[in-house]
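Below, chains carry the letters A, B, ... as their sequence lines are ordered, and counting in each starts from 1.
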Amino acid sequence: VSATFERRLTRDWDDPSVIGIEGYRAKGGYEALRNALSMEPAAIIETVKLAGLRGRGGAGFPTGMKWSFVPMDTGKPTYVVVNFDESEPGTCNNRELVDRDPHRLLEGTAIAALAIGCTTAFIYVRGEYLAQSLVLERAIREAYDAGFLGRGITGTEVDLDVILHRGAGAYICGEETALLSSLEGFRGQPRLRPPFPAVEGLYASPTVINNVETLMSVPDIIVRGPEWFREMGTEKSPGTKLFTISGKVERPGNYELPLGTPLRVLLEDLAAGVLGGRSLKAWTPGGSSTPLLTADHIDTPLDYESVAAAGSLLGTGAVMVLDDTDCVVDAAQRMTRFYAHESCGKCTPCREGTWWAERVLARIEEGHGTEEDVPVMRDMGKHIMFRAFCALADGAAAVIDSSLQHFADEFEDHVRLGRCPLRIPHEEVAPAV
Amino acid sequence: MAVLEGPRLDEAKEIVGRYPEGRQRSAIMPLLYLVQSVEGFVSRDGLTEVAGLLGLTTAEVEAVATFYTMYRLRPTGTHVVSVCTNLACTLRGARDVYEAAYQAAGMRHGQELSDDGEITLHEEECLGVCDAAPAVQINFANHDRVTSEQMRELVGALRAGELPEPARGPAVGSFKEASRVLAGLESEGASA
């Protein structure tokens, strides 16, 4: 299947020359920016709207529509902020996109800036991506030197500066309003919406915040057009997307696929199946914040609608695979510990709920669970879901709810037996080649 | 003696100048990295100096510094070893790797800095290297598909005064030097 479609975002991944601006330009790079410079902002937005591009950071909101919400007549500056805080557990496609093709991100960012009349764009990169921040620093320098950034880009009267800002280890900063707080020099805590960032974002000015993969999809849409973009994917989820597959698979990695491709293709054809020929037990479609699915869902098409119909979310397209030797209670406890650690502390249901949930899950996993614990966990999700400012709490509740939904027997077995029936094996697993 | 003085103070002013006029508060994060590159962690004096540069109170800067895990607020090793134990890495054996790091560093559970002051060990949440799990970073440089045996070798090398080559990306040196890169500055002369 991997050979039956033409790769788009990853087409130059085998050619390291595109990391430098000369190599990127030799492949037609920055032509989309030249085209966009001759277009009215409204025409750029309309083109992206027609393509049906949806935000790749998790929510899947239509990108063109997001841009169209930005008022350009407020007398305030407008800002584009690139969300490169990629921190959703299981997700690393933005990292590889930037490592292999950094100028495409700058070009997409510049086109977004033109669409909303922005002259200062920010890239917020998570601190742990130190290597990628250096790749971007070099690319930004090259783009300034070549006249694609700075004063009067490509000889026009359009100015654009790009400022690289490094985070410092906080998952919550991937949430767009928390990211803005962080960028403004505050603790990375989410803000109440409305006002939405499109109206009152960075420095209380109209702001567009887009994911790396979203922006990198834009140059091709400008050059090749919306119809071309829609040739792949589904009606409501057009285009291709990068999926990260990890955990118990033979060949973990980032793979591009048309949206709507079933998990079976990603797992069996691209990732070469479950590690050691074992069987699929559970998987996350879009990182740890999306409800777990099971082997029964292996033919689910990976697009926003189909994954939602199966009871989960496409999220970031990060598939983590558990096999039949892995304990769901243990996995749920580890994921819940993550949310307890990363909760910003603003909202009580999230701050206290994740902490207690982790304690109870640990108790069950260690064989000290009581008969009350499973009902308590069922109840817990309800008191966290949709009761906090931001989606971090919903992600935490999704882990608990979905693991109980599909694997209630396993929780009850832990309590009944007074031990974990299925420890996550501690033996070293041979590295995939 | 100030933390930020001489060339470091010039760099601090350059960092503040990166942000739009009137938005200097945005420079808090890179300034904290700059302080960390000088001291090896962020001390109270460092917080106060950053506050002074931006016209804020020490408490306002401290509120930011305490929120983010990459700012170390206590004395820290020459090298920071971060072992991801989030789900994708745990499924590939990360718990054993983390345990191996502890043993190789001669540390007790709960101890974060080795007795010789060389190594700070940190259990990490997802480092975004799920495709090469288990993931380890040494001073934020990546080491891929690390086995327990390789973990022992990496820590052994650090204790012998060597800095292992990362699997990918440039070698940026010690934790202080990495902090300098994180401040958006060239790494040369970091520990001057």
Side-chain angles (χ1 to χ4, degrees), chain A residues 77 86-92 94-96 99 120 126-135 137 163-171 182-189 203 244-248 252-254 288 318 320-322 326 331 334-335 338 341-342 344 424 426-429 431-432, chain B residues 18-20 22-30 32-33 54 56 60 63-71 82 85-93 95-97 124-133 137 139-142 144-149 166 168-170 172 178 181-184:
Chain A
E86 180 168 75
S87 306
E88 177 64 30
T91 313
C92 55
N94 288 359
R95 185 206 83 221
E96 194 160 9
D99 262 338
T120 307
R126 67 177 295 191
E128 295 89 343
Y129 281 2
L130 184 147
Q132 289 68 40
S133 74
L134 289 172
V135 170
E137 259 182 7
I163 298 172
L164 189 65
H165 186 95
R166 290 160 177 90
Y171 167 71
S182 179
L183 187 47
E184 290 177 358
F186 294 88
R187 293 163 76 86
Q189 291 189 313
Y203 308 134
T244 307
I245 186 163
S246 66
K248 293 293 187 64
N254 291 310
S288 72
M320 289 190 284
V321 172
L322 276 67
D326 295 323
R334 183 61 191 87
M335 290 191 272
F338 167 76
H341 182 262
E342 298 297 335
C344 79
I424 286 183
H426 278 224
E427 79 268 16
E428 282 293 329
V429 176
Chain B
R18 286 177 200 163
Y19 293 90
R23 309 300 183 186
Q24 276 61 45
R25 186 175 172 134
S26 288
I28 284 188
M29 292 177 74
L32 288 170
Y33 279 130
L54 298 175
L56 301 169
E60 285 172 307
V64 174
T66 53
F67 188 82
Y68 300 94
T69 55
M70 286 173 68
Y71 302 122
S82 310
T85 63
N86 203 301
L87 186 60
C89 285
T90 282
L91 288 169
R92 304 298 293 239
R95 284 174 178 160
D96 289 342
V97 175
E124 270 297 333
E125 295 300 349
C126 188
L127 290 169
V129 199
C130 320
D131 53 344
Q137 286 191 333
N139 308 328
F140 310 111
N142 287 96
D144 292 346
R145 299 182 192 88
V146 177
T147 63
S148 296
E149 190 185 336
R168 290 170 289 110
V172 293
V181 173
L182 288 163

Need one label for [X]: side chain, backbone, both or neither, based on atoms under 4.5 Å from any heavy atom in chain B.
X	result
Val135(A)	neither
Asn94(A)	neither
Glu88(A)	backbone

How far apart are the closest heavy atoms of [X] and [Y], and which atoms are they?
X	Y	value
Gly188(A)	Tyr68(B)	N-OH, 3.1 Å
Thr69(B)	Gly169(A)	OG1-O, 3.0 Å
Arg334(A)	Asn86(B)	NH2-N, 3.5 Å
Lys248(A)	Arg92(B)	CA-NH1, 4.5 Å

For chain B, which of [options] has the most heavy-atom pairs under 4.5 Å?
options	answer
Ser87(A), Gly127(A), Ala131(A)	Gly127(A)
Pro89(A), Ser133(A), Gly253(A), Ala170(A)	Pro89(A)
His341(A), Gln132(A), Glu86(A)	His341(A)
Ala318(A), Ala168(A), Gly247(A), Gly185(A)	Ala168(A)

Straight-line distance of [X] [atom1] to [Y] [atom2], nearest 0.5 Å:
X	Y	atom1	atom2	result
Leu134(A)	Leu182(B)	CG	CG	8.5 Å
Tyr19(B)	His165(A)	OH	NE2	4.5 Å
Leu91(B)	Leu322(A)	CG	CG	5.0 Å
Phe140(B)	Arg126(A)	CZ	CZ	10.5 Å
Tyr129(A)	Asn142(B)	OH	CG	9.0 Å

Short side-chain to backbone donor-acceptor contact, [X] and [Y], under 3.5 Å:
X	Y	answer
Arg95(A)	Leu127(B)	no
Arg187(A)	Ala63(B)	yes
Tyr171(A)	Cys126(B)	no

Residue among [options] with most heavy-atom pairs under 4.5 Å to chain A:
options	value
Gly184(B), Gly169(B), Gly128(B)	Gly128(B)
Arg18(B), Met70(B), Met29(B), Arg168(B)	Met70(B)
Thr85(B), Asn139(B), Val129(B), Asp144(B)	Thr85(B)

Do the side chains of [Y] and [X] get nearer than 4.5 Å, heavy atoms only?
X	Y	result
Gln137(B)	Leu130(A)	no
Ser288(A)	Leu87(B)	no
Tyr203(A)	Ser26(B)	yes
Cys130(B)	Met320(A)	no
Glu124(B)	Glu128(A)	yes

Exercise. Does any heavy atom of chain A fall under 4.5 Å from the side chain of Ala27(B), the backbone, both, or neither of them?
Worked result: neither
